[in-house]
There are 2 protein chains.
Amino acid sequence: MTSLTQIPVTNQLLAQLPADERDVFMAACDTVELAFGEVLVEPAGQITHVYFPLDGFISLIAILVDDNRLEVAMAGREGMMGISLVLGVDEAPLSALVQGAGSALRMEAARFQLLLLSSPVLHQRLKRYLYVMMNQLARSSACNHFHQVEARLARWLLMTQDRAGSDRLQLTHEFLAMMLGVRRAGITLAAIALQARGLIHYHRGEITVLDRPGLIEASCGCYTADRALYAKVLAPS
Amino acid sequence: MTSLTQIPVTNQLLAQLPADERDVFMAACDTVELAFGEVLVEPAGQITHVYFPLDGFISLIAILVDDNRLEVAMAGREGMMGISLVLGVDEAPLSALVQGAGSALRMEAARFQLLLLSSPVLHQRLKRYLYVMMNQLARSSACNHFHQVEARLARWLLMTQDRAGSDRLQLTHEFLAMMLGVRRAGITLAAIALQARGLIHYHRGEITVLDRPGLIEASCGCYTADRALYAKVLAPS
DNA sequence: TGCCGTCGGCACGCTAGCGTACATAACTCG
DNA sequence: CGAGTTATGTACGCTAGCGTGCCGACGGCA
């Protein structure tokens with residue numbers, strides 16, 4: 001637990017709350033560091049805390065009964081982890097893996113559910129976030145099915161860059177392969193192609209985004225569509 | 001055209017409500033017939049009504065900006081259409097296509113949102129339904145990515161049979177291809193394989209399920225997983 | 001009875017991505 | 001510096017599914 005004063009509240013779900021609601025809410029949070037690779041919750045496990053990332057970010061991963069796994073969503077400073085509690089269910093549907101180290105605001109689950117009752121603006125905002133997530137899940141479903149690895153990789157890098165807030169991403173091909181549900185060798189080929197086009201540069205576990213507009217063009221429209229929906233539904237009112 | 005059993009004309013989201021809540025709710029509904037092929041709402045369109053299917057059922061289809069489309073969920077008598085309103089958003093995220101003709105209870109959107117405020121049990125139940133849907137979306141995402149057409153077809157037939165309440169399904173290969181996001185020829189091959197194993201029989205637009213346990217075995221575990229989650233989260237309390 | 005639209009079987013070459021395996025290169029740490 | 005570990009490049013044959021097109025069979029309807 002560290003002091004709140006160090007880090008500005010950059011979580012976009014909390015940033016625009018009315019001052020009174022936000023103060024009460026923040027006072028009930030503590031700030032924690034998320035370590036890369038940390039597993040915050042396993043599927044069917046109990047959600048003990050909610051997390052509002054500040055500069056860390058989290059991959060939400062579906063695990064099938066045959067143990068195939070695929071990243072289905074990401075939660076960074078635009079979102080939160082533990083959204084199921086808004087629906088009154090404290091069982092985690094997905095695995096949550098810290099993908100970018102950094103800080104997050106954390107609150108105990110029971111306290112969160114209580115506070116929600118007296119925070120109408122936050123509550124409404126989280127419901128809208130849930131709506132966006134459902135859409136993104138649906139879109140990802142089709143995207144993963146139809147689009148090629150290179151375009152999906154481009155999309156994924158853009159999503160990660162947004163949440164990392166940096167053009168340098170700590171990512172190995174191996175890790176990317178897990179996220180996209182493809183072979184490591186498949187990522188290597190796609191990465192080579194993106195690098196040859198001057199869109200990224202990478203070297204031993206670090207990928208640098210060189211040409212963001214170019215990367216957007218190389219990605220499928222799903223990246224832009226997701227962003228547009230988020231902006232529309234969660235615009236500051 | 002008959003089923004093995006008489007269909008109970010009840011929607012499972014409404015069936016177990018306390019009598020007072022249910023009576024109020026039902027009184028505000030009217031019963032409508034859903035015609036096969038009818039499009040209840042287009043993505044980005046406004047949700048004007050919610051539907052609680054009785055023996056009809058609806059496919060929810062994601063449409064990408066490049067016009068690829070894929071069924072991502074189904075709503076039959078176990079569910080509803082228009083769930084976004086529970087989140088306070090009256091814009092449809094997905095296309096809703098009537099896939100099985102039949103009846104449904106319908107209510108105007110504004111009235112639904114009002115009634116929700118005075119129906120705590122229904123409200124809680126619908127939030128739980130939303131939780132199940134999110135899970136199913138996530139699972140489908142991975143399923144569509146990893147599993148083969150034959151297994152996915154088996155899963156899809158089982159899901160459809162549950163909602164149709166009959167072992168005879170009106171389905172062409174063409175239609176199935178659209179739902180699963182594959183070629184018509186791909187469905188033909190998968191259907192031939194399932195028929196050769198004695199699990200189904202089909203003939204010009206009608207598929208009969210012959211061996212349900214066998215079909216479950218031929219499907220990926222995703223069918224069973226979805227059912228188990230629904231049963232757990234939406235069990236009669 | 002014959003016509004025609006719909007439905008399903010099948011075949012062709014093609015491509016993306018698979019599973020696997022091995023080689024090199026770059027860092028880490030003793 | 002040298003040994004071990006990690007990250008990436010690449011190659012092989014293989015498979016599922018693609019896009020397309022054609023054909024026959026069925027069945028509704030005149």
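Lettering of chains follows the sequences in order, A, B, ..., and the numbering in each one begins at 1.
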message = Just to be sure I understand the rule, does Ala191(B) reach a base, reach only the sugar-phosphate, or reach nothing, if contact means heavy atoms closer than 4.0 Å?
response =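 No contact.
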task = Pick base, sugar-phosphate or nothing for Gly205(A), based on heavy-atom distances below 4.0 Å to the nucleic acid.
result =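 It contacts sugar-phosphate atoms only.
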Under 4.0 Å protein heavy-atom contacts per nucleotide of nucleotides 23-30 of chain C, with B for base, S for backbone only and - for none = --BBS---
key: Start and end of the DNA chain D segment that chain A contacts, any atom under 4.0 Å from a heavy atom   = dT6(D) to dT10(D)
Nearest atoms (heavy-atom pairs only) where Gly186(A) meets Val149(A) =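 In terms of heavy atoms, the two residues are closest at O-CG1, 4.1 Å.
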Whole-Å distance separating the [atom1] atom of [X] from the [atom2] atom of [N]:
X: Met178(B); N: dC7(C); atom1: CE; atom2: C1'; result: 16 Å
X: Gln170(B); N: dC7(C); atom1: CD; atom2: C1'; result: 13 Å
X: His201(B); N: dC7(C); atom1: NE2; atom2: P; result: 16 Å
X: Leu169(B); N: dC7(C); atom1: CG; atom2: C1'; result: 17 Å
X: Glu174(A); N: dG19(C); atom1: CD; atom2: P; result: 13 Å
X: Gln195(B); N: dG8(C); atom1: CD; atom2: P; result: 11 Å
X: Leu189(B); N: dC12(C); atom1: CG; atom2: C1'; result: 14 Å

[Y] and [X], any side-chain heavy atoms less than 4.5 Å apart:
X: Leu176(A); Y: Ile207(A); answer: yes
X: Val41(B); Y: Met81(B); answer: yes
X: Leu171(B); Y: Glu206(B); answer: no
X: Leu60(A); Y: Ser95(A); answer: no

Atom pair CG/CG of Asp30(A) and Leu105(A) - distance to nearest 0.5 Å = 8.5 Å
ask   = Starting at the 5' end of DNA chain C and moving along, which residue's nearest nucleotide shows up first, Gln148(A) or Leu171(B)?
value =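 So the residue in question is Leu171(B).
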message = Does anything in residues 139-146 of chain B come within less than 4.0 Å of DNA chain D? Heavy atoms only, and list the residues if so.
response =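 Residues of residues 139-146 of chain B under 4.0 Å from DNA chain D: none.
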query = Can you name the residues that form a salt bridge (Lys or Arg N to Asp or Glu O under 4.0 Å) with Arg227(B), not counting sequence neighbours?
reply = Asp162(B)
task = Identify, with sequence neighbours excluded, every residue that meets salt bridge (Lys or Arg N to Asp or Glu O under 4.0 Å) alongside Arg77(A).
result =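 Arg77(A): no salt bridge (Lys or Arg N to Asp or Glu O under 4.0 Å) contacts found.
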query = Mapping Glu150(B) and Thr188(A) to their closest nucleotides on DNA chain D, which lands nearer the 5' end?
reply = Thr188(A)
key: Residues forming a side chain to side chain donor-acceptor pair (under 3.5 Å) with Glu71(B), sequence neighbours excluded   =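 Glu71(B) satisfies side chain to side chain donor-acceptor pair (under 3.5 Å) with Ser59(B), Trp156(B) once adjacent residues are dropped.
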ask   = Are Arg155(B) and Asp226(B) close enough for a salt bridge, meaning some N to O gap below 4.0 Å?
value = yes
query = So, Glu150(B) and Arg197(B), do they make that salt bridge, N to O below 4.0 Å?
reply =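 Result for this pair is yes, salt bridge flagged.
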